[in-house]
K.L.:
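Before we start, here is the structure in question, set down as structure tokens.
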Amino acid sequence: MISHEPILWNDSYLTGIGRIDEQHKVLVNTLNEANARLSANVTRDLLEQITRDLLSYAIYHFETEEALMKDYDYAGLSAVEDEKHRNEHRSFSQQVVALREGLRDGRLVTREELLSFLNNWLVNHILNTDKQFGEFLISRGYRSPN
Ligand SMILES: [Fe+2]
């Protein structure tokens, strides 16, 4: 069970795909920075800023992964996993959008609620779904473009 405490990066989070791992580290840092910024006080402006920045980086990151899914024909070779993975991305984005709509209507979330949700989602998604995708890419002969 992941709490709202900062995430300590460890190598069990590595997918083996450099580009994905670097972006995951950025996401972990973003959540840990949000944690620090929300320690002082929680205002609607701050929640809006944090969720906006996070959503835009998360969407960029999902696009990176989904471009790799397409390039390596994940849908053709692993249809169930491909769909499950894309659905998890979509569901995350929808939950953050719903949260932001709530903020606009004056429904704030607590630091604990926000960070527990974000930390849990990210760690579970990396450890299960992204690592499985990393193994798939490596089994298909993935080579880093750099
Ligand atoms: Fe993913």
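Atoms within each ligand, like the ligands themselves, are counted from 1 in listed order. Residue numbers start at 1 and run along the sequence shown. Side chains are part of it too, since the values below use all heavy atoms of this structure and drop only hydrogens, waters and symmetry mates.
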K.L.:
With respect to the Fe ion (ligand 1), what is the nearest N, O or S atom of His89?
P.N.:
NE2
K.L.:
Checking Asn119 side chain against Glu5 main chain: does a donor-acceptor pair fall under 3.5 Å?
P.N.:
yes
K.L.:
How far does CZ of Arg86 sit from CD of Glu81, to the nearest 0.5 angstrom?
P.N.:
13.0 Å
K.L.:
Heavy-atom distance under 4.5 Å between the side chains of Phe117 and Val96, does that happen here?
P.N.:
yes
K.L.:
Report whether any nitrogen, oxygen or sulfur of Glu88 sits less than 2.8 Å from the Fe ion (ligand 1) (N, O or S, backbone or side chain).
P.N.:
no
K.L.:
Does NZ belonging to Lys25 count more than 12 external heavy atoms closer than 6.0 Å?
P.N.:
yes
K.L.:
Using only N, O or S atoms, tell me which atom of Asp130 is closest to the Fe ion (ligand 1).
P.N.:
OD1
K.L.:
Between NE2 of His85 and OE1 of Glu65, what angle is found at the Fe ion (ligand 1), rounded to 10 degrees?
P.N.:
90°
